[in-house]
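Notes follow the structure.
Computed from a prediction, not measured in an experiment: that's the story for all the values here.
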Amino acid sequence: MDKHAIIARLNEITSFFSFGRILGYISFNEIVGIERQLKHGQEANRKRLISTEIDFLCGLWLQNINLSKHWDFIHDQELMDEVYDLMDDFHILYKKSPKQENLFAENFFYEGDFAYNWQYIKFGKEKYEEPTLSSILMDRFEFEPSVIESTYNKVRKVLETQLQKRIEDKQRKKEYISPVNLFTIKHNKISKLFTEKEQKILKRFTHKLGDRPTNRINDIIDYNCFKEYPLIELPNNRGLFVANIHSLAAALNEAPYYWLLEDKKFQKSLADIRGNIAEKIVYKIIQRRFPDSSYHHILIKRTKSSDIITDIDVLLCSKTKGIVFQVKSKRLTELSKKGDLPSIEEDYKKAVTEAYYQGVKCIECLNHASEYFSLKKAGLSFTENLQMVPICVTLDSFPGISTLNFINQPKESSLPLIAMTIYDLDTIFYLFQPETIIDYFIYRAQCAKQNVYGVNEMYYIGDWCGRSIVLLKMLNA
C-alpha cells in the first residue's frame with residue numbers, strides 16, 4: 001500500500017467510536033507493566049508501537065470520530081492487528097524513501113522517547129516556576145507551575161490504582177474488561193482528588209471528543225492537536241480518557257512554551273529568561289555529583305578593563321580532565337521536524353554549532369588561563385594542564401540531535417562536537433558516579449572522533465555500560 005492508501009484506511013478505522021477500545025488495548029500493551037516491557041525487548045518492532053505512533057493514532061481519532069459509528073467488540077483483535085500492520089507499513093515507507101527530507105522526518109519521528117516522564121515533570125516545573133513566566137502563565141492561561149508535579153502524579157496514581165483494582169475484580173467475576181474504562185478518570189474522582197488549580201490544568205489539556213480539530217493530519221509530520229491536548233473528554237460525562245500518559249508529561253513540559261510565544265513582544269525577553277534557566281538547570285545537575293569542582297557563568301576577559309571575550313556557562317574539573325558545558329535554549333522548529341533541510345540547518349546552527357564554537361573558544365582561553373585576568377581571579381589557572389572536552393546541552397528535547405552531530409562533525413578541529421539534551425545529561429548524572437561520568441565523556445569524545453554513530457544518547461550509554469561489564473568480568477576472571 002502507498003502512503004495515501006494507508007492514511008485512508010487509518011482514517012476509516014479511526015472514524016469509529018469503537019476505536020477508543022483499540023487505543024485502550026494499545027496503551028495497556030505498550031505502556032503498562034515492566035513484564036510487558038521486558039518481553040517487548042525480545043520482540044520484533046512490528047509487534048509494538050512507540051509513543052509517537054500512539055499519539056498519531058489518537059490525533060486521527062480526534063479528527064475523524066463519528067460518535068454514532070460502532071463495531072462489535074468481537075472485531076477488536078482483528079482491527080488492532082490491522083492497525084499494527086498499517087503503522088508498520090507506514091514506517092517502512094519512510095525508511096525506504098529516497099528523499100533526504102523523509103529520512104530526516106523518519107529519524108525525528110521514530111527516534112523514541114526523548115525523556116522519562118518524571119524528567120518532563122521535574123524540569124517542566126523548574127522551567128516555568130521562574131517568577132516572570134509563572135506570573136504570565138497563571139494570569140493569562142490559569143496554569144500554575146507549582147502544581148505541575150502534583151497534577152501529573154495524581155493522574156498516574158489514579159490510573160495505577162484503578163488498573164489493578166478493575167483487572168482483579170473483573171478477573172475474579174470473569175467479566176469483560178473495558179480497555180477504555182481502564183484509562184478513564186471519572187469526573188467525580190477529579191472533583192474529589194484534584195485541587196481547583198490542578199483541575200484548571202487538566203481542563204487546559206483536555207480535548208472534547210467530537211469537536212473537530214482545526215488542522216487535519218495527513219502525515220506523521222503534520223501538527224497533531226493530541227500532543228497539546230492529551231486528555232480526551234468522553235461523551236455522556238464518562239470522564240477523561242488518558243490514552244498515553246507519557247504524552248501528558250511531555251505536554252505539561254512543552255506546551256506552556258508555545259503559549260508564552262503567542263506574545264510576540266515578549267519573545268526576546270522569553271529567550272533571555274530561558275537561557276538563564278537552562279544554565280541554572282545544567283549547573284544544578286552537575287552540582288549533584290561535583291559540588292566542589294564545578295563553576296557557573298565564568299566571564300573571560302584578558303584584562304580588568306577589557307571587553308568580555310566570551311563566557312563559560314558551566315565548567316566541570318576533575319583531576320586531569322575538564323568539561324566545558326555550553327547551554328542553549330533553542331528548539332527544533334516544527335518546519336524542521338517535517339524534514340525541511342534549510343530549517344534543520346538553521347535550527348542546528350543556533351542550538352549546537354554556535355554553542356560548540358563558543359566552547360572551543362573557551363577551551364582555547366582555559367589552555368592559557370594564566371594570561372586572562374578573569375580566569376586567574378577565579379582561581380582557574382590550573383586548567384592549563386587539563387584535558388578539555390566541550391559539551392553542548394539543549395534545554396528541551398531535540399529530535400535527531402545525535403544524527404545531526406554525526407553529520408556535522410567538524411573536520412578542522414581536534415575537539416569533537418558532542419551535543420545532548422538536559423534529559424540525556426540528567427540521565428548520565430543519575431546513572432554514574434563521579435569518576436565514571438568523566439570517563440564516559442572521554443569515551444563520548446572518542447566516539448565522535450572515530451565517527452561512531454548512535455541513534456540517540458541512550459545508545460552510547462548502553463554501549464558504555466556493556467563495555468564496563470565486559471571489563472569488570474575480565475578483571476574478576
| said: Working note: Trp259 + Tyr128, criterion ring pair (Phe, Tyr, Trp, His ring centres under 6.0 Å); need CA distance, chi angles, decisive distance, verdict. | reply: CA-CA 12 Å; Trp259 306 341; Tyr128 303 119; 8.3 Å; no
| message | Quick one, Glu111 with Ser402, criterion side-chain hydrogen bond (donor to acceptor under 3.5 Å, both in side chains). Give me CA distance, side-chain angles, the key distance, then yes/no. | response | CA-CA 10 Å; Glu111 181 180 335; Ser402 288; 5.7 Å; no
| task | Output, in order, the C-alpha distance, side-chain angles, deciding distance and verdict of side-chain contact (heavy atoms from CB on, under 4.5 Å) for Leu252 and Thr151. | result | CA-CA 10 Å; Leu252 287 166; Thr151 304; 5.6 Å; no
| Worked check of side-chain contact (heavy atoms from CB on, under 4.5 Å) between Asn253 and Tyr152 | CA-CA 11 Å; Asn253 181 290; Tyr152 171 81; over 6 Å; no
| query | Would Asp347 and Lys330 count as a salt bridge (charged side-chain N to carboxylate O under 4.0 Å, His left out) if you check the C-alpha gap in whole Å, the side-chain angles of each, and the deciding distance to 0.1 Å? | reply | CA-CA 7 Å; Asp347 288 347; Lys330 172 66 180 173; 3.4 Å; yes
| task | For the pair Tyr283 and His297, evaluate ring pair (Phe, Tyr, Trp, His ring centres under 6.0 Å) and give the outcome as yes or no after the intermediate values. | result | CA-CA 9 Å; Tyr283 183 56; His297 195 63; over 10 Å; no
| request: Begin from the C-alpha positions of Val389 and Lys321 and carry the test side-chain contact (heavy atoms from CB on, under 4.5 Å) through to its verdict. | output: CA-CA 8 Å; Val389 175; Lys321 308 292 192 304; over 6 Å; no
| Going through the distances and angles, do Val352 and Leu417 end up as a side-chain contact (heavy atoms from CB on, under 4.5 Å)? | CA-CA 9 Å; Val352 177; Leu417 189 159; 3.8 Å; yes
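The salt bridge (charged side-chain N to carboxylate O under 4.0 Å, His left out) contacts involving residues 256-267 comprise Arg140-Asp263, where partners must be two or more places apart or lie in separate chains. Residue pairs that meet the side-chain hydrogen bond (donor to acceptor under 3.5 Å, both in side chains) test with at least one member in residues 359-368, sequence neighbours left out, do not exist here.
Put simply, the side chain of Leu57 does not reach to within 4.5 Å of the side chain of Phe226, judged on heavy atoms. Between Ile312 and Gln326 there is a side-chain heavy-atom pair separated by less than 4.5 Å. Between Phe398 and Lys328 the shortest side-chain heavy-atom distance does not fall below 4.5 Å. Contact check for Asn153 versus Arg156: side-chain heavy atoms found under the 4.5 Å cut-off. You'll find the side chain of Ile50 stays beyond 4.5 Å of the side chain of Asp113, heavy atoms only. Counting only heavy atoms from C-beta outward, the side chains of Leu62 and Tyr229 never approach each other to under 4.5 Å. Two residues are said to be in side-chain contact when any heavy atoms from C-beta on lie closer than 4.5 Å; Ile285 and Phe325 fail this criterion. Between Asp55 and Asn244 there is a side-chain heavy-atom pair separated by less than 4.5 Å.
Heavy atoms of other residues, nucleotides or ligands lying less than 6.0 angstrom from CD of Glu346 number more than 12. Under a cut-off of 6.0 angstrom, the local environment of CD in Glu254 is crowded, with over 12 non-hydrogen atoms contributed by other residues, nucleotides or ligands. Other residues, nucleotides and ligands contribute at most 12 non-hydrogen atoms within 6.0 Å of the OH atom of Tyr459. The number of heavy atoms from other shown groups lying within 6.0 Å of CG (Asp307) does not exceed 12. By the neighbour-count criterion of 12 heavy atoms within 6.0 Å, atom OH of Tyr116 is sparsely surrounded, having that number or fewer from other residues, nucleotides or ligands. Residue Lys284 places its NZ atom among 12 or fewer non-hydrogen atoms of other residues, nucleotides or ligands, all under 6.0 Å distant.
Heavy atoms only, all atoms of each residue included: Asp396 and Thr421 are closest at O-CG2, 3.5 Å. In terms of heavy atoms, Arg302 sits closest to Tyr372 at NH2-OH, 2.9 Å. In terms of heavy-atom proximity, Cys362 sits nearest to Thr310 at SG-CG2, 3.8 Å. Shortest non-hydrogen contact noted between Ile221 and Ala105 is CG2-CB, 3.7 Å. Pairing each heavy atom of Pro213 with each of Gln63, the nearest pair is CD-CA, 3.6 Å. In terms of heavy-atom proximity, Leu404 sits nearest to Asn408 at O-ND2, 2.7 Å.
Note: Tyr295 and Phe382 have tilted aromatic rings, judged against thresholds of 30 and 60 degrees for the angle between ring planes. Between Trp464 and Phe432, the ring planes are perpendicular. Angles over 60° get that label, and only those under 30° would be called parallel. Between Tyr460 and Tyr443, the ring planes lie perpendicular to each other; the angle is over 60°, past the 30° to 60° tilted range. Between Phe56 and Phe90, the two ring planes are parallel [angle under 30°; tilted spans 30° to 60°].
The closest donor-acceptor contact from the side chain of Thr52 to the backbone of Phe109 lies under 3.5 Å. Remark: the backbone N or O of Glu129 is not paired with any side-chain donor or acceptor of Ser134 at under 3.5 angstrom. Side chain of Thr383 to main chain of Leu386: no donor-acceptor pair is present (N/O by atom type, distance under 3.5 Å, no hydrogens or angles). Of the possible polar contacts, none joining the Gln433 side chain to the Glu435 backbone as a donor-acceptor pair under 3.5 Å is found. Of the possible polar contacts, one joining the Ser374 side chain to the Leu299 backbone as a donor-acceptor pair under 3.5 Å is found. Listed for the Asn107 side chain is no donor-acceptor partner under 3.5 Å among the backbone atoms of Leu103. A donor-acceptor contact shorter than 3.5 Å links the side chain of Glu130 to the backbone of Leu133. The main-chain N or O of Ala419 is never found under 3.5 Å from a side-chain atom of Tyr356 such that the two would form a donor-acceptor pair. Formation of a donor-acceptor pair under 3.5 Å by the Ser135 side chain with backbone atoms of Pro131 is not found in this model. Remark: side-chain polar atoms of Gln358 are paired, donor with acceptor, to backbone N or O of Asp311 under 3.5 angstrom.
Salt bridge Arg288/Asp426: present, at least one basic N to carboxylate O contact under 4.0 Å.
Under the 3.5 Å distance criterion, with hydrogens and angles disregarded, a donor-acceptor pair is assigned to the side chains of Gln119 and Thr427. Side chains of Asp219 and Tyr94: a donor on one and an acceptor on the other come within 3.5 Å. For the residue pair Gln287/Ser294, the side-chain donor-acceptor check at 3.5 Å is satisfied. For the residue pair Glu457/Tyr423, the side-chain donor-acceptor check at 3.5 Å is not satisfied.
In this structure, SG in Cys317 is found 14.0 Å from NZ in Lys319, a value given to the nearest 0.5 Å. How far CZ of Arg289 is from CZ of Phe429: 9.0 Å, rounded to the nearest 0.5 Å. Here the CD1 atom belonging to Ile418 is positioned 7.5 Å from the CD1 atom belonging to Ile323, to the nearest 0.5 angstrom. Taking CG from Leu248 and CG from Leu159, the interatomic distance works out to 9.5 Å, rounded to the nearest 0.5 Å.
For the side chain to side chain contact (heavy atoms under 4.5 Å, CB included) with Leu93, the qualifying choice from Lys3, Met1, Glu106 is Lys3, the only one to do so.
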